[in-house]
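Below you'll find the structure, written out as structure tokens, and then a few comments.
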Amino acid sequence: MITITFPDKSTRQYEPGTTPLQIAESISTRLAQDILAATVNGAEWDISRPINEDAEIKLFKWDDAEGKHAFWHSSAHLLAEALQELFPGVKFGIGPAIENGFYYDIDPNGNTITAADFSRIEAKMIELAQKKEAIVRADISKDDALKMFGDRGEEYKCELISELEDGHITTYTQGAFTDLCRGPHLPSTAPIKAVKILSLAGAYWRGDEKRNQLVRVYGITFPKKKMLDEYLVMLEEAKKRDHRKIGKEMELFAFSANVGAGLPLWLPKGAALRDRLEQFLRKIQKRYGYLQVITPHIGNKNLYVTSGHYAKYGKDSFQPIHTPEEGEEYLLKPMNCPHHCEIYRSAPRSYRDLPMRLAEFGTVYRYEQSGELHGLTRVRGFTQDDAHIFCAPDQIKDEFLKVMDIIFYIFKALKFDNFEAQISLRDPNNKQKYIGSDENWHLAENAIIEACAEKGLNARTELGEAAFYGPKLDFMVKDAIGRRWQLGTIQVDYNLPERFQLEFTGSDNQKHRPVMIHRAPFGSLERFVAVLLEHTAGKLPLWLVPDQCVVLPISEKFNDYARRVAAELNEADIRAIVDDRNEKIGKKIRDNELKRVPYMLVVGEKEAQNDEVSVRKQGEGDKGTMKITTFAKYLTDEVASMINQ
RNA sequence: GCCACAAUAGCUCAGUCGGUAGAGCAUUUCAUUCGUAACGAAAAGGUCCGGGGUUCGAACCCCCGUUGUGGCUCCA
């Protein structure tokens with residue numbers, strides 16, 4: 001007998017060769033129905049794969065990420081099986097489960113697959129799933145695997161096999177389809193009841209743009225039809241929260257092909273919104289001892305040769321601007337740091353001046369690849385809420401912690417509670433990608449890791465994701481359809497101070513080199529506004545929203561009173577407008593509800609006589625009548641409570 | 001940059017087989033003066049993304065470009 005230990009540390013005895021599925025059956029039939037995947041001694045395990053020794057076991061259902069993962073991984077194989085039948089000759093790349101569904105990369109090998117084929121593919125997958133064929137795991141030697149896939153012309157699979165270690169190669173087969181795969185998988189395709197092919201895209205083989213581009217077929221499957229329907233509804237809802245749509249509706253920003261791709265135009269309401277965000281940040285930064293500076297939008301090319309940016313990005317940037325004078329070259333500034341280094345250098349610095357925190361809402365220009373541009377989240381001209389902190393090496397951690405405080409304050413004020421943190425370190429196997437000494441990299445990386453530990457921040461660590469000049473801590477937030485965008489960033493930099501020969505005089509009267517911290521809590525105003533719009537579905541917090549209230553006269557007879565109300569509110573620094581269109585009150589309410597104006601103030605004869613307004617809250621309805629001054633105080637207090645927490 | 005797809009009125013979109021361009025909303029005018037989610041009537045509104053080609057004839061077919069969308073690659 002073998003002893004199986006469950007997560008709650010209880011144990012049971014089973015015959016050797018018992019499968020996780022059989023173990024589930026021994027507990028309850030319901031569990032046996034729901035179980036999709038397992039781990040055995042921490043290793044991923046098919047629920048139909050025998051266990052031959054004492055083991056700790058975990059069972060996973062649909063609600064567990066591991067359960068969905070197995071379900072979608074098997075679905076990817078089902079997709080491949082369907083494609084193999086419908087498009088003979090296609091060659092297969094890889095087909096993993098992803099966060100929402102799965103994909104399979106294929107070389108069409110002469111076939112053309114378009115969106116018009118989606119329903120055929122879905123139908124074929126359902127047809128195959130209904131055969132309830134077992135998904136069978138098999139061990140295979142490297143030579144046999146190479147022969148088997150080689151005979152079928154599966155060049156991509158052969159490439160993968162050639163890099164695997166003999167003795168650890170497995171295949172999974174269902175029906176006529178066999179795939180090179182590590183698993184784990186469902187015992188059969190039977191549980192796959194609902195299928196949706198979502199999209200087609202190009203994807204380079206092994207993510208290398210120098211290699212073949214394959215066709216990536218994205219799909220998602222569910223154990224119940226109803227779950228698919230709900231998912232599709234959710235996707236539709238998410239599309240309504242797209243910041244590009246909301247930005248247009250709210251008249252915040254626009255693009256023009258005449259101005260150029262990726263160059264946003266901020267409309268009056270959007271510009272005012274941005275200004276409020278800037279004021280909000282300025283106020284906090286002042287509290288933390290930041291000094292505002294202003295620098296030009298261009299800089300001499302030599303500045304970027306000194307900084308190292310020209311060598312790294314010169315070819316992929318907007319090209320130098322030439323002057324009438326021969327030999328002069330200027331670059332649109334792609335970042336603010338070199339300018340700030342020059343500000344630091346403008347006077348001799350003492351240890352008493354440090355930390356020196358130079359802040360600027362600096363507009364920068366980067367030549368992003370055309371295919372990368374996306375609304376306000378990826379643009380070619382944008383404004384960073386940038387600052388550079390120059391400090392002594394022993395001040396790094398303390399400054400780092402203070403920056404984290406600012407970022408947390410902002411995220412809290414704007415209710416970004418689902419952010420993720422990522423520590424990006426150097427790729428230890430590819431050091432030539434980075435500039436700077438090993439020693440400095442160690443110092444900087446440790447400063448970040450220690451600061452996160454001290455704050456209790458649960459950050460993911462990624463190797464090879466660091467900037468070329470230093471490691472960083474990034475804060476990411478998801479958009480409406482689950483794409484991750486980086487917002488805030490903090491980066492430690494030993495290299496620029498070196499390159500710009502920055503110095504300060506220490507208490508020992510010797511010259512020392514400062515360390516630099518780059519930081520931007522919003523990241524860029526553009527991306528931040530975009531993500532904010534998607535998070536709030538355009539219902540911006542009261543203190544940020546363009547129009548806080550709209551006065552709605554019952555008829556044109558009360559337009560004068562409505563204007564007086566708005567003027568009084570404006571006096572109290574409340575953003576109020578008047579809807580004096582010749583429309584019925586129901587129409588005005590509907591339109592302003594759809595425009596997401598937080599408060600509507602209905603005024604007619606009763607209100608005009610008593611200096612009152614009838615208050616209606618967006619999405620909630622009638623809130624009763626009150627004096628203008630009472631409403632003004634109510635709204636002002638509400639705003640104050642949001643930003644002075 | 002690469003792959004795939006798209007672009008028609010201010011917005012959302014229809015436009016059959018290649019035969020001289022259509023709706024709703026918004027706008028303007030008229031009528032109405034209204035009490036908490038759409039009153040009515042009329043008018044105006046088009047470089048069918050741009051350029052080239054095929055054709056007696058192109059919004060529609062072909063080529064080039066621009067911009068956008070979904071991915072990939074990239075992201076100082």
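To find a chain, count down the sequence lines: A is the first, B the second, and so on, and within it residues start at 1.
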| Think A/K301 forms a cation-pi with A/Y310, using NZ or CZ under 6.0 Å from the six-ring centre and within 45 degrees of its axis? | yes

| query | Hey, does A/G314 reach any base, or is it just sugar-phosphate, or nothing, if we go heavy atoms under 4.0 Å? | reply | nothing

| Is a donor-acceptor pair below 3.5 Å formed from side chain A/R211 to base B/C2, judging by atom type as modelled? | no

| According to the interplanar angle, ranging from 0 to 90°, do the rings of A/H518 and A/H388 count as parallel (below 30°), tilted (30 to 60°) or perpendicular (above 60°)? | perpendicular

| field | Ring center gap for A/F468 and A/H309 short of 6.0 angstrom | value | yes

| task | Could you work out which one of B/G35, B/A76, B/C2 sits closest to the side chain of A/Q213? | result | B/C2

| Could you state the CD-P distance from A/E593 to B/A37, rounded to the nearest angstrom? | 8 Å

| said: Between the base of B/C75 and the side chain of A/R366, is there a donor and acceptor pair under 3.5 angstrom? | reply: no

| said: Go nucleotide by nucleotide along RNA chain B from the 5' end; which of A/V602 and A/Q491 gets its closest nucleotide reached first? | reply: A/V602

| message | Is the positively charged end of A/R216 above the ring of A/Y103, judged by distance under 6.0 angstrom from the centroid and angle within 45° of the axis? | response | yes

| query | Just checking A/K312: base, sugar-phosphate only, or nothing, at a heavy-atom cut-off of under 4.0 Å? | reply | nothing

| said: Angle between ring planes, A/F528 versus A/F416, binned at 30° and 60°: parallel, tilted or perpendicular? | reply: perpendicular

| query | Quick one: which of B/C39, B/U36, B/U33 gets closest to the side chain of A/E583? | reply | B/C39

| query | Centres of the A/H77 and A/F92 rings: under 6.0 Å? | reply | no

| request: Show the numbers, then the answer: is there a side-chain contact (heavy atoms from CB on, under 4.5 Å) between A/E638 and A/Y599? | output: CA-CA 12 Å; A/E638 192 179 341; A/Y599 287 101; 2.7 Å; yes

| message | Can you see if the side chain of A/Y367 gets near the phosphate of B/G1 - specifically, an N or O under 4.0 Å from OP1 or OP2? | response | yes

Each nucleotide N or O in nucleotides 9-17 of chain B that has a protein N or O under 3.5 Å away: list the pair and distance.
none

| query | Just checking A/K595: base, sugar-phosphate only, or nothing, at a heavy-atom cut-off of under 4.0 Å? | reply | nothing

| request: Would you classify A/I589 as touching base, sugar-phosphate or nothing, given that sugar-phosphate means primed atoms plus P, OP1 and OP2, and contacts are heavy atoms under 4.0 Å? | output: base

| query | Considering only side-chain heavy atoms of A/R483, which listed nucleotide, B/C2, B/U36, B/G70, is closest? | reply | B/G70

| Selection from B/G1, B/C39, B/A31 that lies nearest to any side-chain heavy atom of A/N582 | B/A31

| query | So, does the side chain of A/R216 form a donor-acceptor pair with the base of B/A4 at under 3.5 Å? | reply | no

| field | Sidechain N-carboxylate O distance under 4.0 Å for A/K617, A/D622 | value | no

| Touch check for A/G207, heavy atoms < 4.0 angstrom, all strands: base, sugar-phosphate only, or nothing? | sugar-phosphate

| field | Phosphate OP1/OP2 of B/A26 contacted by A/K587 side-chain N/O (<4.0 Å) | value | yes

| message | As a test of reading the structure: which of B/U33, B/G71, B/A76 is closest to the side chain of A/Y218, going by heavy atoms? | response | B/G71

| task | Select base, sugar-phosphate, or nothing to describe what A/G619 touches, counting heavy atoms under 4.0 Å on all strands. | result | nothing

| Centroid separation A/F522 to A/F361 less than 6.0 Å | no

| Where the side chain of A/R590 is concerned, which of B/C72, B/A37, B/A76 is the nearest nucleotide? | B/A37

| request: Please determine, for the side chain of A/A467, which listed nucleotide (B/G71, B/G35, B/A76) has the closest atom? | output: B/A76

| remark: In RNA chain B, consecutive runs of at least three Watson-Crick or G-U pairs below 3.5 Å, as range with range, amount to B:1-7 with B:66-72, B:10-13 with B:22-25, B:27-30 with B:40-43, B:49-53 with B:61-65

| query | Which part of the nucleic acid, if any, lies within reach of A/E607 when heavy atoms closer than 4.0 Å are counted: base, sugar-phosphate only, or nothing? | reply | base

| Closest nucleotide among B/U66, B/G70, B/A76 to the A/A201 side chain | B/G70

| said: Of the listed nucleotides (B/U69, B/U33, B/A76), which one gets closest to any side-chain atom of A/R244? | reply: B/U69

| query | Under 3.5 Å, is there an N or O donor on one side and an acceptor on the other linking the side chain of A/Y204 and the base of B/G1? | reply | yes

| task | Measure from the side chain of A/I481, starting at C-beta and using heavy atoms only, and say which of B/C34, B/A76, B/G71 lies closest. | result | B/G71

| message | Students often get this wrong, so: under 4.0 angstrom with heavy atoms, is A/F255 touching a base, only sugar-phosphate, or nothing? | response | nothing

| Taking OP1 and OP2 of B/G68, is either one under 4.0 Å from a side-chain nitrogen or oxygen of A/H374? | no

| message | Nearest heavy atom decides the nucleotide; on that basis, is A/R581 or A/L594 closer to the 5' end of RNA chain B? | response | A/R581

